[in-house]
Amino acid sequence: MKHLVDLDDFSLEEVESILNKAIYIKSNMSKFSNAMSKKIIATLFYEPSTRTQMSFQTAMIKLGGQVIGFDNPTNSSIAKGEDLKDTIKIISEYADIIAIRHNLEGAARAAACFSSCPVINAGDGGHLHPTQTLTDLLTIKETKSSFSNLTFGFCGDLKHGRTVHSLVKMLLRYKNNKFIFISTDQLKIPDYIKKIIIASKNQFEESCSLENSIDKLDILYMTRIQKERFKFEKTAFSAQKNFFKLKKNTLKKAKSDMLILHPLPRVDEIDFEVDSDPRAAYFRQAANGVFARMALITHVLSAPNVENFPTVTINKCCCNDRCVTNFEKYLPKRFIKNKESYFCHYCSQKLNI
Ligand code: CP
């Protein structure tokens, strides 16, 4: 199956072809109104969502297809104890494509292992959110001439921000980008992302001040503090609130063409007065989610089958306590070998051996 769990599953040419198609769809909607007629998408949302869930549903409806699914697992047989494997095996016989959001890291990869139709990761815990990345790229592409030679500032909860992790990984596939990670000490970008940046010979720096960094940025990517992830944390959520707030005053030091992105929802990290600034692109970014997902659905449902990842089975538990393998115990303990290290096939965590 052609799944999208991580954008690394797609070649650069495929990603760019999806973005070009999204731009074409945006101004030629009527040409696609029957493109997916008789096709069904199942949107399985184990975690709350407004944009991702409804933009997938809107995308399929605008393509002439139909939608099934749930937005709360307690309204499904999951409440009776049905596991992820059986849920996916059944629903993949009903639908042509599945979009799944889950609170556990690696859950989308696990779902793909048992699905008879393509699976799209609509966000797995604090791990990845590849369709948000397509939406982000589409918004950048409409404004900047390329995805290279840019300085990106990521601000907020960089530890749990799956949209940040996915976007940074994707931007490393382009040339000469620089990253400034603005966060508190407790919510820094994970080490595995820093290691990928170092290995790719790109530059990054860490900062604790938005005011001191903003003048260098071509793109500012704001994020909220992810309250729902703190049950696994030693740090209290209340201690992390209100550190960073983008205000009109802060923007005085920014470049006149700096793009302000946010995956949304916004809580209080961008002042309402910023919304009318021409650099604020976050509502257009959310609207672009429909076009990016329309292009993705047509791509996945017309793509040929691809080979599975080469993985090895090792009888060790993943050391990430948020990993799906630590909850869905039947999952095979699969790892991907990279040089002398092994990484969890589901959540990307390095294995300690
Ligand atoms: N950006 C995003 O994932 O928003 P939702 O949680 O509303 O889907």
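All ligand and atom numbering here is 1-based and tracks the order in the structure.
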Considering the heavy atoms of T50, write down every atom of ligand 1 situated less than 4.0 Å from one of them. 5 (P), 7 (O), 8 (O)

With heavy atoms of T52 as the reference, note each atom of ligand 1 found under 4.0 Å away. 2 (C), 3 (O), 4 (O), 5 (P), 8 (O)

Could you tell me whether R293 sits above the aromatic face of F56, with NZ or CZ closer than 6.0 angstrom to the six-membered ring centre and within 45 degrees of the axis?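 Satisfied, under 6.0 Å and within 45°.
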
Does K85 qualify as a cation-pi partner of Y330, given the criterion of NZ or CZ under 6.0 Å from the six-membered ring centre and within 45 degrees of its axis? yes

Would H129 count as a contact residue for ligand 1, given that I'm defining contact as a non-hydrogen atom of the residue lying under 4.0 Å from a ligand atom?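 True for this residue.
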
Checking a contact table here: which protein heavy atom is nearest atom 1 (N) of ligand 1, and how many Å away? P263 O, 2.8 Å

Distance from atom 6 (O) of ligand 1 to nearest protein heavy atom, with residue and atom: R101 NH1, 2.9 Å

What I want to know is whether R51 and ligand 1 share at least one N or O pair that is separated by under 3.5 angstrom.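 Looking only at distances, the answer is yes, because the N/O contact criterion of under 3.5 Å is met.
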
Between G123, S55, A286, S49, which one has a non-hydrogen atom sitting closest to atom 5 (P) of ligand 1? S49

Pairing of D86 and K89 as salt bridge, 4.0 angstrom limit: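 No, D86 and K89 are not salt-bridged.
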
More than 12 foreign heavy atoms under 6.0 Å from NZ of K169: is that the case here?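 Yes.
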
NZ (K245) with more than 12 external heavy atoms under 6.0 Å: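 Yes, because the 6.0 Å sphere around NZ of K245 holds more than 12 heavy atoms from other groups.
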
